[in-house]
Amino acid sequence: MKSIAVIGLSPFGYQIAVSLAHKGFDVIALDENVEMVAEIKDLVSQAIVIDSTDEKAMWSINIDNVDKVILAMGSNVQASLLTTALLQSMQIEDIYVRAINSLQENILRSMGIKHIINIEKEMGIQIANILSSERVGKYVEISERHSLVEVVVPKSFVGKSLIQLDFRAKYAINIVGIKTRIPEVKDNGEVAYSLHMTDVPDPHYPLQKDDILVMAGTDDNLSKILRIDKDND
């Protein structure tokens with residue numbers, strides 16, 4: 001079992017630590033905030049209150065024995081850079097560092113850090129891709145990385161049911177509802193269409209080309225759905 005140390009329990013670091021623990025990794029969560037460490041201690045293998053810039057303290061917990069270190073600090077750029085330098089001096093090679101601005105990213109590159117995580121940039125690109133797609137209707141941001149969107153059914157999904165597509169297992173997406181076009185004949189004989197929202201979709205219903213899927217999930221997974229038809233071309 002691989003051991004991973006997550007330093008800095010910002011919302012990003014906290015989620016990374018818990019998600020890795022759920023996947024079976026031996027996770028050590030580190031932060032100088034007592035309350036954050038107490039909150040996560042039952043969700044990971046080990047949680048320690050520590051100042052990650054304190055060399056003696058870091059040696060005392062054998063941080064050099066872990067397989068990977070993820071430095072997930074938020075706004076304290078100075079502490080993040082000092083911790084990075086300390087980890088390098090301890091001969092830890094597999095280091096992933098979160099950068100919150102271009103200056104920090106440039107400094108990390110000059111230090112030889114290969115794995116730089118720029119969450120803000122990546123999320124911005126993903127959200128832009130979602131909003132710029134012609135197939136996207138309404139968009140609601142649920143959290144900093146989760147959204148609710150309306151998407152016209154991809155061509156490759158037409159005729160298939162929710163059971164066949166198995167969104168949760170294949171795409172980690174939840175289908176909240178399906179909007180279908182219902183024809184209505186007006187008094188003058190013209191046919192108009194109105195959208196009908198099915199909030200408890202029939203899992204056996206074959207999707208139609210004009211249907212709209214109401215989906216919830218991470219921005220990353222939603223972006224993958226939007227790329228499906230392009231990837232299949």
Side-chain angles (χ1 to χ4, degrees), residues 1-2 4 6 11-27 40 42-45 70 117 119-186 190-233:
M1 180 188 298
K2 286 190 175 182
I4 300 177
V6 178
F12 168 69
Y14 186 97
Q15 187 61 54
I16 286 287
V18 172
S19 297
L20 288 172
H22 284 167
K23 292 180 182 296
F25 289 96
D26 181 9
V27 177
I40 203 173
D42 294 328
L43 303 175
V44 296
S45 303
I70 300 173
I117 307 168
I119 296 301
E120 287 75 11
K121 181 189 294 184
E122 291 173 6
M123 289 300 102
I125 292 172
Q126 289 170 3
I127 291 173
N129 288 337
I130 289 173
L131 295 178
S132 63
S133 172
E134 295 179 354
R135 298 209 314 270
V136 173
K138 293 181 180 178
Y139 167 87
V140 178
E141 183 178 339
I142 301 174
S143 74
E144 66 176 24
R145 56 187 295 269
H146 293 81
S147 303
L148 180 74
V149 296
E150 294 182 354
V151 178
V152 176
V153 172
K155 293 178 182 178
S156 56
F157 288 180
V158 173
K160 297 179 181 178
S161 67
L162 298 183
I163 284 183
Q164 290 175 302
L165 293 168
D166 200 2
F167 282 90
R168 284 190 181 182
K170 293 180 180 178
Y171 307 105
I173 291 290
N174 287 311
I175 302 300
V176 178
I178 300 175
K179 288 187 175 182
T180 56
R181 283 161 51 94
I182 305 298
E184 297 177 353
V185 180
K186 295 184 178 181
E190 293 183 358
V191 178
Y193 292 88
S194 62
L195 283 176
H196 172 72
M197 171 72 169
T198 304
D199 52 6
V200 183
D202 179 356
H204 300 284
Y205 166 74
L207 295 174
Q208 306 301 308
K209 68 174 183 177
D210 293 323
D211 287 347
I212 296 173
L213 298 174
V214 184
M215 307 188 300
T218 66
D219 295 322
D220 185 32
N221 289 334
L222 291 170
S223 294
K224 292 176 183 177
I225 291 288
L226 295 174
R227 293 197 301 267
I228 283 178
D229 282 346
K230 291 182 180 180
D231 293 343
N232 289 336
D233 289 341

Donor-acceptor contact present, side-chain [X] to main-chain [Y], <3.5 Å:
{"X": "Asp211", "Y": "Gln208", "result": "yes"}
{"X": "Gln15", "Y": "Phe12", "result": "no"}
{"X": "Ser45", "Y": "Val27", "result": "yes"}

Working to the nearest 0.5 Å, report the span between [atom1] of [X] and [atom2] of [Y].
{"X": "Tyr171", "Y": "Asp166", "atom1": "OH", "atom2": "CG", "answer": "9.0 Å"}
{"X": "Ile173", "Y": "Arg168", "atom1": "CD1", "atom2": "CZ", "answer": "11.5 Å"}
{"X": "Ile117", "Y": "Ile70", "atom1": "CD1", "atom2": "CD1", "answer": "6.0 Å"}

message: The criterion is side-chain contact (heavy atoms from CB on, under 4.5 Å); which residues satisfy it with Val176, sequence neighbours excluded?
response: Leu148, Val214, Ala216

- request: Give the C-alpha distance, both sets of side-chain angles, the deciding distance and a yes or no for side-chain contact (heavy atoms from CB on, under 4.5 Å) between Leu162 and Tyr205.
  value: CA-CA 7 Å; Leu162 298 183; Tyr205 166 74; over 6 Å; no

Considering non-hydrogen atoms only, spot the tightest contact between [X] and [Y] and give its length.
{"X": "Val152", "Y": "Lys209", "result": "CG1-O, 3.8 Å"}
{"X": "Ala172", "Y": "Asn221", "result": "CB-ND2, 3.4 Å"}
{"X": "Gly177", "Y": "Pro201", "result": "CA-CG, 3.9 Å"}
{"X": "Gln164", "Y": "Gly159", "result": "OE1-O, 4.1 Å"}
{"X": "Pro203", "Y": "Ser161", "result": "O-CB, 3.2 Å"}
{"X": "Ala21", "Y": "Leu43", "result": "CB-O, 3.3 Å"}

message: Is the shortest side-chain heavy-atom distance between Leu207 and Ile178 below 4.5 Å?
response: yes

Stepwise side-chain contact (heavy atoms from CB on, under 4.5 Å) check, Ile163 with His204: CA-CA 6 Å; Ile163 284 183; His204 300 284; 3.3 Å; yes

- prompt: According to the interplanar angle, ranging from 0 to 90°, do the rings of Phe157 and Phe167 count as parallel (below 30°), tilted (30 to 60°) or perpendicular (above 60°)?
  reply: perpendicular

